[in-house]
Protein chains: 2
Amino acid sequence: MKPDALPRLRSWLGSEARPEGFRLPPERELAPLLGVSRTDLRNALLVLETEGGLERQVGRGTFLRHAARPGADYGSGRDISSLAERTGPMEAMNARLALEPELAQMAALQASPLQISELRELAQAMRVAPDWAGYEKLDADFHELLAKSAGNPLLYELHRIVNGVRLVVVWRRLNPEDVSPPSSYHSFAEHDAIVAALERRDQAAARAAMRAHLAATIAAMAGGA
Amino acid sequence: MKPDALPRLRSWLGSEARPEGFRLPPERELAPLLGVSRTDLRNALLVLETEGGLERQVGRGTFLRHAARPGADYGSGRDISSLAERTGPMEAMNARLALEPELAQMAALQASPLQISELRELAQAMRVAPDWAGYEKLDADFHELLAKSAGNPLLYELHRIVNGVRLVVVWRRLNPEDVSPPSSYHSFAEHDAIVAALERRDQAAARAAMRAHLAATIAAMAGGA
DNA sequence: GATGTCTGATTGGTTGACCAATGAAGCCTG
DNA sequence: CAGGCTTCATTGGTCAACCAATCAGACATC
């Protein structure tokens, strides 16, 4: 399959507000509209149908299973960008508060020495990130590695979703003119405290350090940072 | 698309241990093997490719992106049944412990009177379930409605995954000859306590009641129930 | 005027022929 | 003999013609 039919279809569907039940144009009309062949369009429609976002019926047409929001690619309603559209900043933080202390506690027991060493390096790299974009990428990597090192596949998958939603929110807010975090940025010391607790294999301290980190992030958000 | 090609392909891929990188038979051979047309097979392959489970290259063939485990349908590695294969019972409980007290606390504030009333009805219906299967279905519905009533789309999606994994584990354990839960079954009173806390809009009590419910479930698991 | 039946246009779905990409084998050259 | 080039069989990918399902409109009947 040509790699652009599916993104084009998602983007086209998200170009206007369209209600649940909306009927798409016939394939033979929509394909030229999107600049793709009917075969490619059919492939894209199939994927969206299998995801649960569309219903297709011979002789009747193709219909949206849920409303399309303008400005967002159309998905199953359960992909990361759709979730990000429907999740407020505090809601995302609540999800992090539920998951990440648990993950930190488990990582203190399960993480390998190599993983802990890599976390130490990431925490250090964040202190010298060239800009906020670089910092946020490293921050996401730090939290992802920590979730992975906890050794619970289910919680890791949950964290992947939460981290993905968080990244959408963060990238939306980033201003290209922003310079890097100041050296007094609260998260630096908090990351260090988390890694130190892992190094000591101190589960309670890891949990508390993660909670403190997230609480400080919430306080900074409430302060209009 | 015929609705059986994708399940047949998933099932066939999960019929034997196959390593990451395994090369599938050519489409023209595999289609008759599965009893489907080449078109239907191609549709199924497309879905799996888009999920990330397969890599397909013209002139070379089609390859697994991750290993197939025997006895499990082949997925992206991130669908509920794959996660259930890789998640132990205690790991699933840890995920529930992270999520569900948070959800109960939020539901105490956010749930509508209708939702609370429906939760009350579900709790009552579980007491008179005809068998364990019926009980487990209602239990899943109870926890799902509670997650929904919390009003956090992200946590609701996370809970959907956890609830799905839990159901796979539970259904795997159910014995058709099992009768219904005894009237002294611990969860009945615990469900009532959760609903009562919601009715009172008492966030802390809802959180504590859910923690107690999950802790009792863990204890029963450890007791070999 | 209301209801039932038939027709044909329109819709998504399928097929076999053909196309594009790949790589192994064979052939040629230095 | 080794390396490069060509050929061709095999692989997944595309297409136009055709098929199957749906329903609005026209027509017939009561």
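The sequence lines fix the lettering, A, B, ..., with proteins before strands; numbering per chain opens at 1.
When the nucleotides D:dT11, C:dG23, C:dA17 are ranked by their closest atom to the side chain of B:R38, C:dA17 comes out on top. You'll find that the side chain of B:N43 is closest to C:dT14, out of C:dT14, D:dA20, C:dA21. Comparing atom distances between the B:R42 side chain and each of C:dG12, D:dT14, D:dC23 picks out D:dT14 as nearest.
One can place CG of B:L45 at 10 Å from C1' of D:dG12, the figure rounded to the nearest angstrom. Distance CG (A:L46) to C1' (C:dT14): 14 Å, rounded to an integer number of Å. The separation between A:R23 atom CZ and C:dT10 atom P is 12 Å, rounded to whole Å. In this structure, B:E55 places its CD atom 16 Å from C1' of D:dG13, rounding to the nearest Å. What separates CD of B:Q57 from C1' of D:dG12 is a distance of 10 Å, to the nearest Å. Remark: P of D:dG13 and CG of B:L30 are 14 Å apart, rounded to the nearest angstrom. A:F63 has its CZ atom 8 Å from the P atom of D:dC23, to the nearest Å. Rounded to an integer number of Å, the gap from B:L41 CG to D:dT11 P is 13 Å.
Note on A:T62: every side-chain N or O is 4.0 Å or more away from OP1 and OP2 of C:dT11. Within the structure, every side-chain polar atom (N or O) of A:T39 is placed at least 4.0 Å from both OP1 and OP2 of D:dG13. Under 4.0 angstrom from either OP1 or OP2 of C:dG23 there lies at least one side-chain N or O belonging to B:R60.
At distances below 3.5 Å, not a single donor-acceptor pair connects side-chain atoms of B:Y74 with backbone N or O atoms of B:L64. The backbone N or O of A:L13 lies less than 3.5 Å from a partner atom in the side chain of A:R18, making a donor-acceptor pair. Checked by atom type and distance alone, the side chain of A:E29 never pairs as donor or acceptor with a backbone atom of A:P26 at under 3.5 Å.
In this structure, CE in B:M93 is found 11.5 Å from CG in A:L154, a value given to the nearest 0.5 Å.
Judged by distance alone, the side chains of B:R160 and B:N163 never bring a donor and an acceptor atom under 3.5 Å apart.
Remark on DNA chain D: of its neighbouring residues B:G61 and A:R28, the 5'-side contact belongs to B:G61, judged by nearest-heavy-atom nucleotide.
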